Amino acid sequence: MKRVLSGIQPTGNLHLGNYLGAIKNFVSMQNSYECFYMLADLHAITVRVEPKDLKENILSTAAAFLASGLDEKKNIIFSQSSVRAHSELSWILNCTARVGWLNRMTQFKEKAGSNKEKASVGLYTYPILMAADILVYQATHVPVGEDQKQHLELCRDIAIKFNNDYGKDFFNIPEPIIPDISARVMSLRDGLKKMSKSDESDLSRINLTDSKEQIVQKIKKAKTDSEPINEDIFNEKSKRFEAQNLISIYADLKSESNKKILSQFEGKNFSEFKKDFTDLLIEYISPISDKIDLLRKNEDHLLKILKNGQEKASNVADKTMKDVKNIIGLSL
Ligand code: TYM
């Protein structure tokens with residue numbers, strides 16, 4: 001059996017990095033796998049969020065899932081907090097994971113910044129909840145961007161240790177699915193920084209809800225260099241990080257290789273490339289943005305999909321919890 005689980009934090013607008021790094025793979029896997037796609041709302045509260053914003057973000061992210069091509073009839077779409085087994089298994093896996101393993105997580109170091117003492121404990125133990133999300137469904141494949149790779153490795157370590165500790169081949173060891181081209185889409189303002197929801201500058205990212213005018217503006221302002229487009233861009237020593245990023249995004253949207261796009265624009269400068277790039281982005285993003293708008297207006301429809309997803313996901317997750325409790329001696 002091939003089963004997929006993945007999730008996205010409902011923390012505001014999804015961006016092109018989320019789309020190319022994760023959602024595009026979610027969509028392509030929906031026809032050949034049994035897929036569970038989750039709004040990771042328990043992950044979203046590891047930092048302070050206004051309750052009304054969280055609620056809005058859960059619904060708008062659900063709308064973005066559907067608008068990007070996820071079919072609610074083919075996939076189980078649900079919110080993490082609506083399935084209790086995630087939190088329950090997370091506690092048990094807290095007792096399997098080692099402090100030393102968590103201390104190696106680079107994303108915690110980045111997110112907590114210089115003031116680790118003030119970070120929430122949830123931000124620190126978040127990768128264990130993520131392992132629970134995956135293992136509670138016995139997922140075989142997990143499509144994610146590269147920034148989640150270390151968390152996936154931790155998840156595998158936890159599953160292996162649990163199996164060893166209890167002498168059972170119980171948890172499946174999941175495989176990450178990371179895209180070739182867009183594993184790490186970079187900021188439009190700084191080719192060394194990841195495109196991110198938390199970047200202060202909205203000019204750094206293309207949101208799935210951006211209007212045509214916003215896309216035009218953002219690409220106009222996107223950082224490039226004054227050299228013409230040539231093969232040198234992907235040469236390690238060239239340090240043309242912004243150029244690499246734009247060419248890669250273009251290639252991925254076109255489902256072509258970087259090499260093909262480089263030869264198409266060989267010798268041209270970036271102002272010319274940007275015209276085509278803007279058109280391509282608008283062609284791609286505008287229909288998604290329009291659909292998000294439309295779907296978001298039909299709240300009952302979204303709630304129905306999430307309720308249905310909750311029921312189906314809970315059935316699978318509750319069964320795993322029952323087995324886990326049996327294995328560790330918690331079922332009387
Ligand atoms: P999150 O919400 O930060 O990101 C959602 C997905 O988008 C990918 N991504 C990117 N890919 C390429 N380039 C970028 N600039 C970029 N930014 C984000 C992420 O890698 C991710 O795949 N902890 C997860 C959510 C989660 C989860 C899970 C994922 C919770 N439980 C279980 C998989 C399985 C997160 O915060 O993703």
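Numbering of ligands and ligand atoms starts at 1, following listing order. Computed from a prediction, not measured in an experiment: that's the story for all the values here.
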For [atom], state which one of [options] supplies the nearest heavy atom.
atom: atom 33 (C) of ligand 1; options: Ser6, Gly145, Ala131, Pro179; result: Ser6
atom: atom 19 (C) of ligand 1; options: Leu14, Asp147, Leu152, Val144; result: Asp147
atom: atom 18 (C) of ligand 1; options: Asn18, Asp133, Leu129, Ile8; result: Asn18

Is the gap between the ring centers of Tyr166 and Phe162 under 6.0 Å?
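Close enough - the centres of the two rings lie under 6.0 Å apart.
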What about the rings of Phe273 and Tyr250, do their centers lie closer together than 6.0 Å?
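Yes.
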So, [X] and [Y]: side-chain donor and acceptor under 3.5 Å apart, yes or no?
X: Asn230; Y: Glu266; result: no
X: Gln138; Y: Asn172; result: no
X: Lys74; Y: Asn31; result: yes

Give the numbers and elements of all ligand 1 atoms closer than 4.0 Å to a heavy atom of [X].
X: Val142; result: 33 (C), 34 (C)
X: Ala183; result: 11 (N), 12 (C), 13 (N)
X: Ala22; result: 6 (C), 7 (O), 22 (O)
X: Leu5; result: 32 (C), 34 (C)
X: Ser182; result: 12 (C)
X: Met38; result: 28 (C), 30 (C), 31 (N)
X: Gly21; result: 11 (N), 12 (C)
X: Tyr126; result: 23 (N), 24 (C), 35 (C), 36 (O)

Protein residue, atom and distance nearest to atom 10 (C) of ligand 1, heavy-atom basis:
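Sorting protein heavy atoms by distance from atom 10 (C) of ligand 1 puts Gly17 O, 3.4 Å first.
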One thing to verify: whether Arg205 and Asp202 come together as a salt bridge, which I'm taking to mean a side-chain N less than 4.0 angstrom from a carboxylate O.
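Yes, this pair counts.
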Salt bridge or not between Arg98 and Asp157? Use side-chain N to carboxylate O under 4.0 Å.
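Salt bridge flag = no for Asp157 with Arg98.
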His15 touching ligand 1 at heavy-atom level, < 4.0 angstrom:
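A heavy atom of His15 does come that close to ligand 1.
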Yes or no: does Lys197 have any heavy atom under 4.0 Å from an atom of ligand 1?
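It does, in that a heavy atom of Lys197 comes within the 4.0 Å cut-off of ligand 1.
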Checking Arg156 side chain against Pro174 main chain: does a donor-acceptor pair fall under 3.5 Å?
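Pair found, side chain donor or acceptor close to backbone of Pro174.
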